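To start, the structure itself, in structure tokens.
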Amino acid sequence: MDFNGKRILLGVTGGIAAYKAAELARRLIGCGARVKVVMTRSAQEFVGPLTFAALTGEKVATAMFGPDSDPLEHVALGQEVDAIVVAPATANFIGKVAGGIGDDLLTTIMLAATRPVLICPAMNAEMWANPVVQGNLARLKGRGLLVMEPAAGSLACGAVGLGRLPEADLIVEAAARLLCVPDLAGRQVLVTAGPTHEDFDPVRFLTNRSSGKQGYALAKVAWRRGADVTLVSGPTNLPAPYGVKCVAVRSARDMQAMVKAHFPEVDVLLMAAAVGDYRPTQVEVRKIKRAHEEMAFHLTANPDILKQVAAMKSGQIVVGFAAETHDLEAEARRKMREKHLDLIVANDVNRPDSGFQVDTNEVTLIPRVGDAVPLPLLSKEEVAAKILDQVVALLESRDGDHAKDA
Ligand code: CTP
């Protein structure tokens, strides 16, 4: 992730998790952001401003009044930065922002802020469950602020429950949504990823080498760019991307059911999963025993999910993927025609640094209309961004056509 010199105001309020904000400041800076910290008085009871000043290289703002304070800072700060992240956000701070109270520098900045805001609550589990706190959070969400769910685990008070500040990496991931151009805002995007598992018996299955990385990168980047994303994933070892609704499936037929259920509601389908083309004709209920020197299995073709749903298209942009070992472009074009796709992403899986398992990919984007666009070797997130650029253009031209028809 590259925040590319963007300016983030990091508000720190008075909870025990305030010390974790120091790590968060480091991560944000590590991603290329410039961070200005504003601390409430109670935050300073938990951690000193000097820590943040040393980490960020910027003076920490702590008070509205006093010899060192700028009289207009409370207005300027929330408007000059690119985004505001408050971590940890206490129940008291959330209540004040919900109620429009500005009785210190940070809450006053929030009143005057014009930039996108991420609130990362952290508190005791009972406080979190309190309907007043939940009501206040609902008001903040209603005003368009992005609110993270706290993590579950053991809390500073000794209890176990919901209330921990989410891990810094997750907060950085959520903050990325504030900093990206929201060119997919309001769009429903369905992504499939990973391999499928087709059972022979209770312990053995037929699968392929897909890791799911390209599909997960697509889901992540689409969410950052403002989309509502559903990820239908076969079995992988990857963590669920933040903000994305994840649906876990196992076999091609499970995936088919989920894709068919979601497809009518979406604007875009990105079918990155490596769907198994065949499944064992017979699934044994009991483990198959070693009994012979040779064994033969019958396989039955799985449904072609993409082909089936593309035939039900009512304005959706449908993107397919073609992993090939030879005749890359010709094969990809054939699949695009046969499966009625708007765009196909072709990759040569012979290369060790591209395709399955690895973090990089070299693909060619082939639109239905127009020339193929060969891309250099890129990270899977960069590839995702290029694919989504094309999807945005296709959505815009679809919307333009609808407007003309109306
Ligand atoms: N696909 C699908 N259902 C299947 C097989 C593939 O939806 N049963 C989708 C994949 O997710 C991918 C595209 O179709 O987006 C092309 O997949 P690929 O396996 O390359 O194509 P196949 O049509 O199976 O052709 P082949 O395996 O013979 O190359």
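Atoms within a ligand are numbered from 1 in the order they appear, just like the ligands themselves. Quick caveat, the model's predicted, so the values are computed rather than measured.
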Report summary line: The protein heavy atom nearest to atom 1 (N) of ligand 1 is Lys339 NZ, 3.8 Å

Requested in this report: Identify the protein heavy atom lying closest to atom 11 (O) of ligand 1, giving its residue, its atom name and the separation to 0.1 Å.
Outcome: Ala273 O, 2.7 Å

Query raised in the report: Where is the nearest protein heavy atom to atom 15 (O) of ligand 1: which residue, which atom, and how far?
Result: Met271 O, 2.7 Å

**Report entry** Numbered atoms of ligand 1 (with element) below 4.0 Å of Gly320, judged on heavy atoms
**Finding:** 15 (O)

Query raised in the report: Closest approach of Pro121 and Val147, non-hydrogen atoms and distance?
Result: CG-CG1, 4.1 Å

Query raised in the report: How far is atom 8 (N) of ligand 1 from its nearest protein heavy atom, and which residue and atom is that?
Result: Pro303 O, 2.9 Å

**Report entry** Mutual orientation of the aromatic rings belonging to His197 and Phe205 [parallel < 30°, tilted 30-60°, perpendicular > 60°]
**Finding:** parallel

Query raised in the report: What residue and atom, counting heavy atoms only, is the protein's closest point to atom 19 (O) of ligand 1, and at what distance?
Result: Asp277 OD2, 4.2 Å

Query raised in the report: In the protein, which heavy atom is nearest to atom 26 (P) of ligand 1, and how far is it?
Result: Lys335 NZ, 3.7 Å

Query raised in the report: Okay, side chain of Arg164, backbone of Gly153: is any donor-acceptor separation there less than 3.5 Å?
Result: no

Report task. Using a 4.0 Å heavy-atom threshold (strictly under), name the region of Glu331 that reaches ligand 1: side chain, backbone, both or neither. Result -> neither

**Report entry** Top protein contact for atom 16 (C) of ligand 1, by heavy-atom distance
**Finding:** Phe321 O, 2.9 Å

Query raised in the report: Which protein non-hydrogen atom lies closest to atom 7 (O) of ligand 1, naming both residue and atom, and how far is it?
Result: Leu306 N, 2.8 Å

